[in-house]
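Here the structure is a predicted model, which means the values were calculated and not measured. Order of the sequence lines sets the chain letters (A, B, ...), proteins ahead of strands, with each chain counted from 1.
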Amino acid sequence: MKNASRSALISLLSEACELEHGLACSYLYAAFTLKLSVSENDLTWQEFQSLRIWAGQLYFIASQEMMHLSQAWNLLTAIGGTPYYMRPNFPQGHKYYPIGLPLKLEPFGRRALKRFTFYELPSHVSDTAFLEKEFRIKLSAIEKAFTVGKLYTEIRACFNAIPQDELFIGDKSLQVGADICHFNEIVKVTDRESANRAIDTIMEQGEGNSNDQVDCHYGLFVRLDKELDQLEQAARTRSGKFEPARPAIEDPITSFDRNMGPQGAHKIEDPYTNDVAILFDNVYSLMLRMLQYVFQSGPLPADGQRRFAEAAIQIMARALKPLGEALTLLPAGPSYPGKTAGPAFGLYRHVSLPADFNAATIMVNERFEELIAEGRKLSTHPKAPAVLLSGISKLEDIANRLMFTPKPITV
Amino acid sequence: MDKNYDVIIIGAGVAGALIADKLAKKWKVLLLEAGEKGRERVELVGSYLTATAQTLGSPYKPVPAPAKNMAPSPDGTNDYYDQPPGTENPMVFKSTYERRVGGSTWHWLGNCPRLLPSDFKSNTLYGFGKDWPITYDDLEPWYCQAEKELGVAGDHEQLNGLFGAHRSQAFPMNRIWPSYSDLKVAEALQGAAQQWSDFNNEPMVLFCTPQARNSVPYDGRPVCTGNSSCVPICPVGAKYDGSVHVNKAVANKATLSEKSIVTRITAAKDGSITGVTFIDWDGREHSVSAKLVVLAANAIESPKLLLLSGLANRSDQVGRNLMDHPQGEGLCVSREPLFPFRGPPTTSGIDKFRDGAFRKDFCAFRMSMGNDGGGRTQSPANVLNQLLKTDFGASLRTKLREKVIRQFRISFLAEMKPLPSNRVTLSSQVDDAMIPRPKLSFNVDDYTMKGFDRIADVMRSILLALGSKPEDLVLPNHSTPFLAAGHIMGTCRMGTDPNDSVVDAECRSHDHKNLFIAGSSVFPTGGTANPTLTIAAISLRMAQSIDNQLKMSQT
């Protein structure tokens, strides 16, 4: 491979980190918008069952993308890099990645599913007429499109081109396995063989392989699209409509985003909703900082690495999920009549936790207290959906059960 | 439907479905099922949710209810079985099954442990039952194939070599992640009493329970989303059920005939099987012929049909040696919250007691750690009913929550000896199709009941280590009626001697060379493994034997 070097590989892996992370956010946004109650509009309970199944699949895919992000961190630290969690905020410029389609926060629907299908497109799939029709992309552009699969192909080539004894300079104790972080398939990367295994796992889960395009992300999105189509047709047959998603705006941003000019951004105008959205972003940021800490620290006292990992994963599932769902129930503001908001997944600073475990614990505990206090306040508002209170109580439970009492610092 | 087939398979449960799928690629296969294919999964879930009595069978009652119940499935101890009333006799046979396309795997839990090597040699090693005519090593490659076909998630590293049960291939999917309560129990086990004089000195540790439940999307079916209602129905299809292979068999051009109750297997004077006679749900009789018949109708319906047909019983073993895995629970209220009901009802177990010299004296058992609160006997609804006697309002809500999140149960499966007196015969009572109902004689002897006392000791140790108060423990004992596992086995057992077994090592009838019997009715002993994986492995092995036999008959 031409120009294979450590810095080129770190650059590619960092791009992979951004993409996996961004994809997870896109998939989560779609999942958050799915209606979860039969009382929402005219869902029949059979339609509601389908939505529950779809939500389950989307959350699973998003969790695998987070596993891919974590795996990319193992790949980075193996070669001397560091775990990287930044990514461009939404909305993204469509030329930011040579991927053909920008990542986007949009509600669940045909368009979102077609987009997701494209992100995970296997290299040999040629039926791309839907992309031409849906997104007005020319076939020749699709052929050149730099999909996630192609990015990992390039990463693999780089790993295989650089001599192992030169490349794998990272501290092996930083590698994180399933015993620390509850990702079943995560691989500790220490050499070329384990690096290839890690990349194989990511690619098979995403675009599948020549034997299987059914159970990978691509196959799942194709299936979801087909099932959605079937339910829409069934609804039309009975002269009804099937609207599985809440009417959330696309690419929301909060007032915290000072870069308020990007084309396609939708600023949340309702003050209460905006405060909830800022809370979401802050909890999200805390989760990322804690997860990054797990991957950059190695073994910590008092089983700290595993407990930080568990707290981060529990924040994702038990706090961010209800907060995200709550936002899709809240009004976006007067400029968006009939529309609800959604989480912006805004990231504004890349502030790592300090290396010292005691100091890191103090900072995390402080942040938990601040966010829980803010969450409690927002939960008392008359507009607060029940699911918001659920999310805050879960955040409090995580903080109480998993975090440490730090040693007092004497100055 | 045609009149002539290469193979007729009676019963579209997991055994029949797997065999049909494998054979239909090359042979003309008819798959007959007494029950119906039924409604879509989502409708079955709706039936369960709205059922007044949420039993195992409640999702599956035909809608609308037919005028006559032509293919009744037992949903209790006396609604179909002819046996003493369950209210009067704790030893009655309690397991039930579903007669429908896909069979009882619709409501199984999904656990898929393998039998151990010693389970195949219980007579040689421990002096009871009969040795199987095949060994663990004979079946091992088929176990691997069965795990792929069903889609079993498990931990290969952990389970490889368990009591000598080597694994030549990894599971097709990584394990379902342990539940939160599993993690707490694993911590508690370190503080639990570990030494009993009867058992080996290996520590009690949790092992993952291999299960036919998708830990990732697999075979076009979704990943488990933690609905925790596996029994009686998986709302999303992440848990395997036999309809998966029925659909594959039909895609391979097998003919499926639902609502077809076989009343007789027909034989020529020389003993060769010629075909079957069946009636449909309208009562019309049909006859079909075949070169070979596979009887895969579960361990009660299969012997019933053989007895009705007067076939395969030179040994007088058809219907005998009826076995189940007597099952029970130990319950507690843990000191710390365990937050059950997130994920499948069980994800881990203790395998330490599945083998050892003690099996000469009392039964082996396997323990499952529950992720479903108070299990079958102390459900949240039961807890609520109890609390309603004294509480209401906020106090009720708090007490209910505080108890339910701390409830924990350990279940056990105990081995029982095959006893010739435990048997299926034909009742004088008939069902709506005018077919004799099965008459059951059943008892659990001291070999198993002695084990219950040991089990209680072990459970006490674990539950106290979880910080439960002694007064909150509910433990099985000698007088506790056991629960049913749904593991119906033994009634057409395998063996090398035609005088004391029904089928040979290939599951071919000793008496009729073109009659095969599939399913757990062929098990000589039950071990402590849920039987479905072994059923699947034997069925896949049998399919190859049948294929070879049919090929040879053509030359």
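The shortest non-hydrogen separation linking A:E310 to B:Y180 is OE2-CE1, 4.5 Å. Closest heavy-atom contact between B:P222 and A:Q57: CB-NE2, 3.0 Å. Closest of all the heavy-atom pairs between B:R175 and A:N184 is O-ND2, 2.7 Å. Among all heavy-atom pairs drawn from A:L220 and B:P217, the shortest one is CD1-CG, 3.4 Å. In this structure, B:F339 and A:D397 approach most closely via the heavy-atom pair CZ-OD2, 4.4 Å.
Of the two parts of A:Q49, only the side chain, counted from C-beta on, holds a non-hydrogen atom closer than 4.5 Å to a non-hydrogen atom of chain B. In this structure, the portion of B:R221 lying under 4.5 Å from any heavy atom of chain A is its backbone and not its side chain. If you measure heavy-atom distances from A:Q205 to chain B, you find no contacts under 4.5 Å at all. Contacts of A:A178 with chain B are made by both backbone and side-chain atoms, with heavy-atom separations under 4.5 Å. Heavy atoms closer than 4.5 Å to chain A are found nowhere in B:N214, neither backbone nor side chain.
Within a 6.0 Å radius of CZ in B:R397, no more than 12 heavy atoms belonging to other residues, nucleotides or ligands are found. Counting non-hydrogen atoms of other residues, nucleotides and ligands closer than 6.0 Å to CZ of A:R223 gives a total above 12. In this structure, B:R335 places its CZ atom where only 12 or fewer heavy-atom neighbours from other residues, nucleotides or ligands lie under 6.0 Å away. At most 12 non-hydrogen atoms from other residues, nucleotides or ligands lie less than 6.0 angstrom from NZ of B:K37. More than 12 non-hydrogen atoms from other residues, nucleotides or ligands lie less than 6.0 angstrom from CD of A:Q233.
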Exercise for review: Take B:V223 and A:Q64 through the test side chain to side chain contact (heavy atoms under 4.5 Å, CB included) and record every step on the way to the result.
Suggested key: CA-CA 12 Å; B:V223 65; A:Q64 282 200 325; over 6 Å; no
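Atom OG1 in B:T225 sits 12.0 Å away from atom CG in A:L58 (nearest 0.5 Å). A distance of 15.0 Å separates CZ of B:R41 from CD of A:Q46, quoted to the nearest 0.5 Å. One finds the CZ atom of A:R401 at 8.0 Å from the CD atom of B:E336 (value rounded to the nearest 0.5 Å).
Residues meeting the side chain to side chain contact (heavy atoms under 4.5 Å, CB included) test with A:A198, sequence neighbours left out: A:Q71, A:L75, A:V187, A:V189. Every ring pair (Phe, Tyr, Trp, His ring centres under 6.0 Å) that A:F295 has, sequence neighbours left out, goes to A:W73.
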